[in-house]
Protein chains: 2
Amino acid sequence: MSADRLSTTFSALADPTRRAILARLASGETTVNDLAAPFEMTLPAVTKHLKVLERAGLITRGREAQWRPCRLAAQPLRDVAEWVEQYRLYWEQRFDRLERYLDELQQEKANVRKTAKYTERSKRRTRT
Amino acid sequence: MSADRLSTTFSALADPTRRAILARLASGETTVNDLAAPFEMTLPAVTKHLKVLERAGLITRGREAQWRPCRLAAQPLRDVAEWVEQYRLYWEQRFDRLERYLDELQQEKANVRKTAKYTERSKRRTRT
DNA sequence: TGGTTAATTTACCATATAGTAAAATACAGA
DNA sequence: TCTGTATTTTACTATATGGTAAATTAACCA
């Protein structure tokens with residue numbers, strides 16, 4: 001299901017064979033046979049992977065005699081980059097928090113050593 | 001199958017419901033019921049989505065009385081960002097650095113070859 | 001204790017995905 | 001026109017995915 005653009009893109013990227021194909025195409029246009037060579041799977045299987053990539057707009061295909069050259073199309077990758085960038089702020093901020101938390105733990109440890117007293121630790125985090 | 005980390009992450013992200021859940025969690029930890037509220041699907045369906053996200057390491061879950069608070073875990077998103085950033089060089093025509101990255105990628109390709117399901121396939125592919 | 005709320009598990013269904021082998025198509029060139 | 005090469009299509013299989021309804025577990029509360 002989930003036929004939206006981004007889902008189709010992520011779905012196409014969720015396979016190591018297909019990502020390897022994209023990596024290969026990043027260094028230049030090539031044929032189906034050439035793309036298939038590194039993999040221990042049949043040619044029809046590779047054809048299917050190419051269809052998935054094409055449907056996701058990650059590759060385009062030409063026609064040259066009996067070859068069907070494939071080339072990388074970057075727009076969906078740009079969309080992925082844009083999507084994931086939204087979260088960069090989150091994980092950067094979260095790492096700040098983590099660092100602060102670890103500092104607090106160190107401080108607490110020191111205090112425990114000093115006062116020889118265990119205070120209530122690990123309070124349940126409240127929602128929101 | 002493709003159980004490698006990045007494939008699991010992309011696969012988890014290839015669903016608009018799950019991406020919406022992540023977006024909600026970016027603004028704070030919350031419960032399953034709260035997460036489920038915006039969607040026209042049953043609670044078990046949401047539970048399944050959460051399992052997918054948890055298995056991909058995109059969320060972690062706590063226990064607070066009868067609630068299982070979920071929170072965003074950003075590391076897989078960082079990995080996605082890192083992966084896709086390599087292609088920015090491509091769409092910005094920075095081929096020099098991209099080629100260095102492609103060299104590094106050869107070992108991933110080797111992994112794919114190793115984990116291929118059918119090992120007996122005969123394939124005297126003579127093309128380079 | 002029993003009732004309520006939160007969430008998961010179970011059992012099931014429909015559809016999608018990833019692969020195969022074998023046949024078919026498309027084109028080049030002698 | 002016949003042959004070889006490149007690629008796809010067809011038909012089939014096994015497994016994964018995303019959903020449901022109903023039952024179950026877990027914890028709080030009166």
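First the proteins, then the strands, lettered A, B, ... as listed; each starts at 1.
Minimum atom distance to the side chain of P44(A) is reached by dA22(C), of the listed dA6(C), dA22(C), dT17(D). The side chain of Q66(B) sits closest to dA27(D) out of dA18(C), dA27(D), dA6(D). Here the side chain of D15(A) is nearest to one of dT20(D), dA18(C), dT8(D), namely dA18(C). Comparing dT20(C), dA26(D), dT20(D) by their closest approach to the side chain of A45(A) singles out dT20(C). Closest to the V32(A) side chain, of the nucleotides dT8(D), dG19(D), dT9(C), is dT8(D). The nucleotide whose nearest atom lies closest to any side-chain atom of M41(B) is, among dT20(D), dT20(C), dT8(C), dT20(D). Here dT7(D) is the nucleotide among dA27(D), dT7(D), dT8(C) with the atom lying nearest to any side-chain atom of L43(A). Among the nucleotides dG19(D), dC27(C), dT9(D), the one closest to the side chain of K51(A) is dT9(D).
Each of N33(B) and R18(A) lies near DNA chain C, and the nucleotide nearest N33(B) is the one positioned closer to the 5' end. A residue-by-residue look at L50(A) and H49(B) shows that L50(A) has its nearest nucleotide of DNA chain D further toward the 5' end.
Here the side chain of R24(B) pairs no donor or acceptor atom with the backbone of P38(B) at under 3.5 angstrom. A donor-acceptor distance shorter than 3.5 angstrom exists from the side chain of Q86(B) to the backbone of E82(B), with no hydrogens or angles considered. Looking only at distances, no side-chain donor or acceptor of Y87(B) sits under 3.5 Å from a matching main-chain atom of A26(A).
Phosphate proximity of dT8(D) to R61(A): present, with a side-chain N or O under 4.0 Å from OP1 or OP2. Between T42(A) and dT20(C) there is a side-chain polar atom (N or O) within less than 4.0 angstrom of OP1 or OP2. Distances shorter than 4.0 Å separate none of the side-chain N or O atoms of T47(A) from OP1 or OP2 on dT7(D).
Counted within 6.0 Å of CD on E85(B), heavy atoms from surrounding residues, nucleotides or ligands total more than 12; the atom is thus considered enclosed.
Computed from coordinates, the E64(A) CD to dC27(C) C1' distance equals 13 Å when rounded to whole Å. To the nearest angstrom, C1' of dT9(D) lies 13 Å from CZ of R68(A). Regarding L53(B), its CG atom lies at a distance of 13 Å from the P atom of dT17(D), rounded to whole Å. The separation between F39(B) atom CZ and dG18(D) atom C1' is 14 Å, rounded to whole Å. Following rounding to the nearest Å, F10(A) (CZ) and dG18(D) (C1') show an atom-to-atom distance of 19 Å. Atom pair R63(B):CZ and dT25(D):P shows a separation of 14 Å (rounding to whole Å applied). Between R55(A) atom CZ and dA16(C) atom C1' there is a gap of 11 Å when expressed in whole angstrom units. Taking atom NZ of residue K48(A) and atom P of nucleotide dA14(D), one finds them 14 Å apart after rounding to whole Å.
By the 4.5 Å heavy-atom criterion applied to side chains, L22(B) and I59(B) are counted as neighbours.
A donor-acceptor pair shorter than 3.5 Å can be found between the side chains of S7(A) and R19(B).
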